[in-house]
Amino acid sequence: MRIAAPIEIGPLDADAQQAVRDLAAAAEAHDGVAPLSEQPLLNLGTDAEWITHVVAHTTAGSTVGYVQIDRSGETASAELVIHPEHRRNGHGRVLLRTAERDATLPSRSGEPGQHGKQLRVWAHGDLEPAREFARAAGLRPVRELLFLARPLAGADGAPEVPAAPAGYRLRTFRPGADDAAWLRVNARAFATHPEQGRMSLDDLRARQAEPWFDPEGFFLLVPDEAPGVDDADPVAFQWTKTEPGQPDGARDGEIYALGVDPDQQGKGFGRLMTEVGLAHLARSGATRAVLYVEGDNTPALATYERAGFARAAVHVQYARP
Ligand SMILES: CC(C)(COP(=O)(O)OP(=O)(O)OC[C@H]1O[C@@H](n2cnc3c(N)ncnc32)[C@H](O)[C@@H]1OP(=O)(O)O)[C@@H](O)C(=O)NCCC(=O)NCCS
């Protein structure tokens, strides 16, 4: 007989947050892919009303599973992980059921926007256990996020960062001064994207406070017209990210966010800003460039394939049909 693990729903204190990070690290070591992505990890300390944390633990208190539900979008998004030593004991099923109930619950403030949302669960890496688990739970794939990669020459063989075309200027991001203008162009460029287009000032500031944040790797293409040139909204941006603490022999550098204002698309800015990102990452010592792109974003996929990227992994979102 299986005995259900006790579960706790609510904010996580510092020890519980660390236990979830340890659980995620154990799953990553076992599965070869991180089960929780950046935003849920940033959310671990959050007690926002649209975030729910659910922890399953043994009677002795050690954490065996975790699911985070984020009801801030049009659909509720969940990331779920069970410790490798505690799988096939029904914990995943219990946490999934709890997450589905949570997605349909009224928020604490009764805000109507959070009622009755469909739950979508991420499976990072699209691994066989997750596929089987989703199938057994009656879930179907509804969204694909592709992880693309291409080798880089490294600092020695790196090209110069390309120059801006006539009428434009390439400069790096100024934290604070450029926040509002960047949020505007990001929202326009990612108007149909479920997460990126909703990035708020708080989200931007949380990233600026991360150890990897480097404004020297965050490029803006701005119209080169005086006066007030620095206050004009960028027409395109390239935000790169290099995680600290990677071994120098093989380092990944990420094209973290690339966007072109919709009014300025089709002019080659996407290709230019991709080259800017690749040159910067190579010059900073990265040996592989990586990025995430929606599986149905045909124009972006074409840009990246032309730039030499190939599919390295797939992340799938599952939902009840
Ligand atoms: C996917 C995951 C959450 C499953 O957690 P779990 O606690 O092992 O799942 P459960 O024990 O509740 O399994 C429920 C059912 O799913 C199916 N299932 C789960 N893992 C399976 C596997 N490895 N192979 C075949 N079927 C599997 C079975 O039908 C199982 O029922 P059964 O054990 O009675 O046969 C876990 O493997 C995990 O943490 N993976 C890494 C993170 C991840 O991929 N999360 C996304 C989930 S969509």
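Counting starts at 1 for both ligands and their atoms, in listed order.
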* Has ligand 1 got any nitrogen or oxygen that is less than 3.5 angstrom from a nitrogen or oxygen of V121? -> no
* Is the shortest distance from a heavy atom of L127 to ligand 1 less than 4.0 Å? -> no
* To do: Would you check, one step at a time, whether the test ring pair (Phe, Tyr, Trp, His ring centres under 6.0 Å) holds for F269 with Y168?
  => CA-CA 11 Å; F269 293 156; Y168 295 91; 5.0 Å; yes
* **D203 bridged to R198 by N-O distance under 4.0 Å** => no
* What salt bridge (Lys or Arg N to Asp or Glu O under 4.0 Å) pairs are there with at least one residue in residues 139-151, not counting sequence neighbours? -> R143-E195, R143-E294
* **Region of N89 engaging ligand 1 - heavy atom pairs below 4.0 Å** => backbone
* Taking the side chain as C-beta and beyond, is there a heavy-atom pair between L220 and V185 under 4.5 Å? -> no
* Asked: Against heavy atoms of V81, which atoms of ligand 1 measure under 4.0 Å?
  -> 39 (O)
* Structure fact -> Under 4.0 Å from one or more heavy atoms of W122, ligand 1 contributes atoms 46 (C)
* To do: Starting at OH of Y66, measure out to CZ of R21 and round the result to the nearest 0.5 Å.
  => 10.0 Å
* Asked: Purely on distance, is any nitrogen or oxygen of I82 under 3.5 Å from one on ligand 1?
  -> yes
* To do: Classify the contact between A130 and ligand 1 as side chain, backbone, both or neither, using a heavy-atom distance cut-off of under 4.0 Å.
  => both
* Structure fact -> Here the atoms of ligand 1 under 4.0 Å from any heavy atom belonging to D31 are 41 (C)
* Asked: Looking at G90, which atoms of ligand 1 are within less than 4.0 Å of one of its heavy atoms?
  -> 10 (P), 11 (O), 12 (O)
* Would you confirm whether S72, through its side chain, and W50, through its main-chain N or O, come within 3.5 Å as a donor-acceptor pair? => no
* Taking only Lys NZ, Arg NE, NH1 and NH2, and the carboxylate oxygens of Asp or Glu, determine whether E128 and R131 approach each other closer than 4.0 Å. => yes
* If hydrogens are left out, which of H315, H86, R88, R93 has an atom nearest to atom 31 (O) of ligand 1, that is, the closest non-hydrogen atom? -> R93
* Asked: Against heavy atoms of R87, which atoms of ligand 1 measure under 4.0 Å?
  -> 8 (O), 36 (C), 37 (O), 38 (C), 39 (O), 40 (N), 41 (C)
* **For H193, all residues meeting ring pair (Phe, Tyr, Trp, His ring centres under 6.0 Å), sequence neighbours excluded** => F190
